[in-house]
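Just so we're on the same page: letters track the sequence lines, and every chain starts at 1. All of these numbers come straight from a predicted model, not from anything done at the bench.
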Amino acid sequence: MKMSKLFVQTLRDFPQDAEAISHKLLVRAGYIKKLANGIYSYLPLMKRVISKVEQIAREELNKAGAQELSMPFVQPAELWQKSGRWQVYGKELLRMKDRHDVELCLGPTHEEVITSIVDGILTSYKQLPVNLYQFQLKFRDEIRPRFGLLRGREFIMKDGYSFHTSQESLDIEYKNMWGAYKRIFDRCNLETKVVQSDSGAIGGKVSHEFMVLTETQTGEDDVFYCKHCDYAANSNHATSKLKDEITTTRFTKEEIVDTPNIRTIKELAQFLKVEENNILKSVLYIVDSKPVMVMIRGDKEVEETKLLNALCGLEIRKATEDEAKEITGSEVGFLSCIGLEDKVKVLFDKSAKNMKNFVIGINQPHKHMVGKNFTKEHDFLDLSLVKEGELCPHCSNPLYVTRGIEVGNIFQLGTKYSEPMNATYTDENGQNKPFIMGCYGIGITRTASAAIEKHHDENGIIWPLAIAPYHCVVVPVNMQESEQKDMAEKIYNSLLSKGVEVVIDDREDRAGVKFKDADLIGFPYRITVGKTAKDGLVEFKTRMTGETVLLSPNEAIKKITEEVDKLKG
RNA sequence: CGGGAUGUAGCGCAGCUUGGUAGCGCACCUCGCUUGGGACGAGGGGGUCGCAGGUUCAAAUCCUGUCAUCCCGACCA
């Protein structure tokens with residue numbers, strides 16, 4: 001490709017409306033252009049990167065025995081009504097009607113479609129297991145799209161689905177996909193950490209996420225991990241042991257005390273000269289329009305996803321102060337489960353289990369009770385957010401927290417879709433059984449963005465060779481010097497003939513412009529044909545290391561060809 | 001949906017307080033000059049100032065509404 005013909009416009013300045021470095025660089029280097037909030041055009045350079053990531057995934061998945069297909073982007077509401085998700089999915093599902101008033105939606109995921117396809121084709125246990133995948137546009141009407149391609153409303157996803165006759169068979173495929181995913185991200189030069197996670201709207205029991213760890217805000221998930229064993233989990237799923245599991249106070253007798261205008265746990269602890277972990281905190285939520293009170297140790301926070309799952313709920317929010325008054329008759333700061341257990345659903349977090357002689361509200365303004373103990377059995381559930389420094393549930397060493405970008409995930413769905421959709425096969429005994437399913441996703445456009453988040457410097461993108469739009473750029477420093485121009489063209493043509501993806505910067509611009517653009521766009525290798533051309537030498541620069549060496553044209557060609565051949569394995 | 005901010009040329013911005021013929025830098029076009037890290041000179045093209053009302057002799061500027069975008073919280077690949 002000639003640079004003079006390449007459809008790209010690089011910008012002098014970073015775009016004002018971008019925050020994430022990958023977003024800034026993709027816009028500035030001319031990879032993407034925004035059409036609407038969270039919706040981007042993929043320009044030729046971006047399209048090439050996407051194709052590279054897809055091809056790596058395709059190769060590894062095919063090797064792992066999966067088969068590629070392609071399903072429709074627009075889906076009938078009928079399917080979603082069958083699975084029950086038409087009501088459940090909420091506003092993220094973009095719905096519409098066609099000219100006949102038939103309800104449709106844009107596919108945010110494809111469990112329903114694949115299940116209906118497979119149900120029509122696979123009828124016997126002899127045909128299972130099977131694993132099918134596609135690369136597809138997805139549309140999710142996100143509450144808050146941001147960070148460019150990291151969280152767009154429209155994005156490209158690799159989604160795969162497997163069908164089985166038994167849990168054992170699913171387990172095997174789950175591990176198979178786990179391995180394939182590791183290899184895919186390795187080949188993209190992305191180090192990932194596999195973490196346990198909540199399965200969210202997709203559903204199912206077992207699920208793992210592949211996280212690219214980052215220090216910045218662009219990693220939108222908190223990941224807790226142990227340095228001594230392989231425990232790692234998303235904050236919405238992480239669990240821990242407390243360092244101070246048993247807590248008690250000097251108050252050995254139940255007593256009501258005045259706590260005037262003391263509304264926060266911190267104030268209360270100071271006022272009564274106890275620790276925050278001596279206070280049993282009451283937090284009031286509204287889950288699917290019904291009040292729910294969570295009793296949790298004062299130094300801990302409620303993890304709302306866990307609470308929602310415990311109740312099999314759909315929608316959760318904290319109660320407002322007015323609602324709290326109405327429900328408890330008291331004021332925020334003095335809430336309690338005492339006397340409320342018949343009226344309101346009360347749940348206990350496991351952090352409260354070993355509290356003795358604790359402090360608790362009594363639903364009376366400006367009063368608390370001290371020296372309280374549990375008088376009857378409660379179920380203590382895991383409803384709390386883990387904090388850094390708490391102990392690993394496996395090996396009791398301290399847990400650490402970091403940020404992560406979720407680039408892929410795998411789920412065991414079980415019969416969550418096949419049962420309501422009545423998708424069955426016939427087993428050895430002639431019985432109809434619902435398919436046992438797994439599902440496996442990779443955010444292709446997100447993976448490309450994550451690669452930039454991890455690989456860039458102040459000059460621009462530093463693509464790993466495997467997913468760079470081109471392997472190499474050839475820069476004739478001065479197009480007026482025929483010696484340089486001719487040598488550059490020879491090298492360019494030679495690389496082309498060897499299957500190297502190469503751009504020649506044939507523009508009349510000065511060298512500085514070409515160098516800046518080469519760095520910004522992120523070509524992994526640059527061959528500069530300049531002053532040393534008359535001595536039969538060119539400059540060979542590796543973007544990743546900044547290393548520059550003088551080589552003969554043939555040596556430079558050989559070096560790149562070798563690197564490219566390594567990719568092909 | 002709640003909190004904060006912004007909409008003026010492809011990109012980055014000034015002008016708005018105190019209404020009076022729409023400007024700067026980059027990019028783009030022409031000519032000259034230059035050619036190893038975003039040169040220089042001269043000339044040129046491009047904007048219904050987000051949109052709709054209102055106030056006024058006169059609105060980018062003041063008022064009202066509306067739409068869009070971005071940032072901080074609840075979603076997820």
Side-chain angles (χ1 to χ4, degrees), chain A residues 9-20 23 27-28 30 33-34 36-39 53 57 89-93 108-110 135-160 181 197-202 207 209-212 217 220-221 234 236 285 303-305 308 314-318 320 405-411 439-450 459-460 475-481 484-485 507-520 526 528-533 539 541 548:
Chain A
Q9 162 88 309
T10 57
L11 305 174
R12 256 333 156 81
D13 307 299
F14 280 117
Q16 174 57 25
D17 59 0
E19 186 74 11
H23 185 196
V27 172
R28 185 168 164 202
K33 189 163 173 65
K34 185 166 73 182
N37 190 14
I39 302 178
V53 178
Y89 217 95
K91 287 186 179 167
E92 222 174 277
L93 184 66
T109 175
H110 282 71
F135 298 99
Q136 245 289 8
L137 209 54
K138 298 283 186 262
F139 193 92
R140 296 183 187 174
D141 200 357
E142 295 276 353
I143 296 163
R144 182 144 106 87
R146 60 179 147 175
F147 301 143
L149 264 36
L150 283 171
R151 178 178 299 284
R153 289 194 291 174
E154 192 179 278
F155 60 97
I156 297 174
M157 176 160 134
K158 172 263 147 181
D159 49 324
Y181 272 35
S197 91
D198 177 70
S199 46
I202 308 290
S207 92
E209 295 172 337
F210 287 72
M211 292 281 187
V212 173
Q217 274 292 111
E220 296 183 84
D221 293 284
N234 190 309
N236 63 22
Y285 281 92
E303 162 54 45
E304 296 184 2
T305 306
L308 203 54
L314 298 175
E315 205 185 333
I316 183 167
R317 62 178 173 83
K318 271 197 170 156
T320 63
I405 301 169
E406 183 190 348
V407 288
N409 70 12
I410 52 181
F411 295 97
C439 100
Y440 319 92
I442 294 177
I444 298 293
T445 37
R446 181 181 279 182
T447 298
S449 282
N459 295 315
V475 179
V477 167
N478 186 345
M479 287 294 285
Q480 306 294 317
E481 301 275 345
Q484 294 181 19
K485 190 180 166 208
R507 295 175 297 176
E508 295 287 343
D509 290 278
R510 297 159 65 92
V513 175
K514 299 184 184 184
F515 293 156
K516 288 285 185 192
D517 275 344
D519 288 349
L520 183 59
R526 188 180 88 197
T528 309
V529 185
K531 291 182 290 212
T532 55
E539 204 174 271
K541 184 168 184 184
T548 306

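The nucleotide whose nearest atom lies closest to any side-chain atom of A:Arg12 is, among B:G36, B:C70, B:C26, B:C26. The side chain of A:Thr532 lies closest to B:G36, out of B:G36, B:C70, B:C75. Listed candidates were B:G36, B:U34, B:U69. Nearest to the side chain of A:Asn37 is B:U69. The side chain of A:Gln16 approaches B:C13 more closely than any other nucleotide in the set B:C13, B:A77, B:C11. Of the candidates B:A39, B:G12, B:C71, B:C71 carries the atom nearest the A:Glu19 side chain, counting heavy atoms from C-beta on. Here the nucleotide nearest the side chain of A:Phe147, chosen from B:C75, B:C71, B:U35, is B:C71. Distances from the side chain of A:Phe411 to the nucleotides B:A77, B:A39, B:C70 place B:A77 closest. The nucleotide whose nearest atom lies closest to any side-chain atom of A:Glu406 is, among B:C71, B:A77, B:U34, B:A77. Comparing B:G38, B:C75, B:G36 by their closest approach to the side chain of A:Val513 singles out B:G38. Candidate nucleotides B:C72, B:G36, B:G38 were compared by shortest atom distance to the side chain of A:Arg144, and B:C72 ranks first.
Nucleotides B:U6 and B:G45 are separated by 29 Å at their C1' atoms, to the nearest Å. Going from the C1' atom of B:C11 to that of B:U56 covers 36 Å, rounded to whole Å. Rounded to a whole angstrom, the distance from the C1' atom of B:A22 to that of B:C49 is 8 Å. Rounded to whole Å, the separation between the P atoms of B:G50 and B:U17 comes to 15 Å. B:G47 and B:C31 have their P atoms separated by 24 Å, given to the nearest Å. B:A27 sits 38 Å from B:C63 when the P atoms are compared, rounded to a whole Å. The separation of B:C76 from B:G4, taken at their P atoms, amounts to 27 Å, rounded to a whole angstrom. With both ends at atom P, the span from B:G25 to B:U66 equals 39 Å, rounded to whole Å.
Phosphate proximity of B:G73 to A:Arg146: present, with a side-chain N or O under 4.0 Å from OP1 or OP2.
Side chain of A:Tyr181 to backbone of A:Gly441: a donor-acceptor contact under 3.5 angstrom is found. Checking side-chain atoms of A:Lys514 against main-chain N and O of A:Arg507 turns up a donor-acceptor pair under 3.5 Å. Of the possible donor and acceptor atoms, one in the side chain of A:Arg28 sits under 3.5 Å from a partner among the backbone N and O of A:Leu11.
Backbone-only contact: A:Lys34 has heavy atoms under 4.0 Å from sugar-phosphate atoms and none from a base. A:Ile410 comes within 4.0 angstrom of no nucleic acid atom, judged by non-hydrogen atoms across all strands. Nucleic acid contact class of A:Gly152 (heavy atoms, under 4.0 Å, all strands): base. As judged by a 4.0 angstrom heavy-atom cut-off over every strand, A:Lys318 is placed among residues making no nucleic acid contact. Within 4.0 Å of A:Asn459, counting heavy atoms only, lies no atom of the nucleic acid at all. In this structure, A:Gly441 reaches neither bases nor backbone, as no heavy-atom distance under 4.0 Å exists between it and the strands shown. Counting any heavy atom pair closer than 4.0 Å across all strands shown, A:Arg507 reaches no nucleic acid atom. Note on A:Asp509: a base of the nucleic acid sits closer than 4.0 angstrom, heavy atoms only.
Side-chain atoms of A:Arg446 and base atoms of B:C76 include a donor and an acceptor less than 3.5 Å apart. Counting atom types as modelled, A:Arg526 pairs a side-chain N or O with a base atom of B:G37 as donor and acceptor under 3.5 Å. For B:C76, the base has no donor-acceptor partner in the side chain of A:Arg140 [N/O atoms by modelled type, under 3.5 angstrom]. Looking at A:Lys541, its side chain has no donor and acceptor atom pair within 3.5 Å of the base of B:G36.
Checking A:Lys91, A:Glu92, A:Arg151 one by one against A:Arg140, the side chain to side chain contact (heavy atoms under 4.5 Å, CB included) holds for a single residue, A:Glu92.
Using a 4.5 Å cut-off on side-chain heavy atoms (C-beta onward), A:Glu406 and A:Glu220 make no contact. You'll find the side chain of A:Val27 reaches within 4.5 Å of the side chain of A:His23, heavy atoms only.
With a cut-off of 3.5 Å on both pairing distances, the Watson-Crick or G-U wobble partner of B:A68 is B:U6. Taking a pair to require two hydrogen-bonding distances under 3.5 Å in either a Watson-Crick or a G-U wobble arrangement, B:A59 remains unpaired. Applying the Watson-Crick and G-U wobble criteria (two distances, each under 3.5 Å), B:C24 pairs with B:G12. When both pairing distances are held under 3.5 Å, B:G73 makes a Watson-Crick or G-U pair with B:C1. When both pairing distances are held under 3.5 Å, B:G41 makes a Watson-Crick or G-U pair with B:C31.
When the P atom of B:G4 is taken as reference, atom CG of A:Asp17 falls 21 Å away, rounded to whole Å. Atom-to-atom, NE2 of A:His110 to P of B:C76 comes out at 18 Å; the value is rounded to the nearest Å. If you take CD of A:Gln9 and C1' of B:C11, they are 8 Å apart, rounded to a whole angstrom. Residue A:Arg28 contributes atom CZ, which lies 13 Å from atom P of B:A27 at whole-angstrom precision. Atom CD of A:Glu142 is separated from atom P of B:C1 by 16 Å (rounded to the nearest Å). Distance, A:Lys514 NZ to B:G38 C1': 13 Å, rounded to whole Å. Rounded to an integer number of Å, the gap from CZ of A:Phe14 to P of B:G38 is 16 Å. Rounded to an integer number of Å, the gap from A:Lys516 NZ to B:G37 C1' is 6 Å.
Here A:Phe155 packs flat against the base of B:A77; its ring centre is closer than 5.5 angstrom to the base's six-membered ring, tilted by less than 30 degrees.
Position along RNA chain B of the nearest nucleotide to A:Gly408 versus A:Met479 favours A:Met479 as the more 5'-ward residue. Across the interface with RNA chain B, nearest-nucleotide mapping of A:Gly443 and A:Asn478 shows A:Asn478 to be the residue nearer the 5′ end.
A cation-pi geometry, defined here as NZ or CZ lying under 6.0 Å from the six-membered ring centre and within 45° of its normal, does not hold between A:Arg446 and A:Phe155.
Summarising the geometry, atom OG1 belonging to A:Thr532 is positioned 8.0 Å from atom CD belonging to A:Gln484; distances are rounded to the nearest 0.5 Å. To the nearest 0.5 Å, atoms CG (A:Leu93) and CZ (A:Phe139) are separated by 10.5 Å. Going from atom CD of A:Glu142 over to atom CZ of A:Arg153 covers 9.5 Å, rounded to the nearest 0.5 Å.
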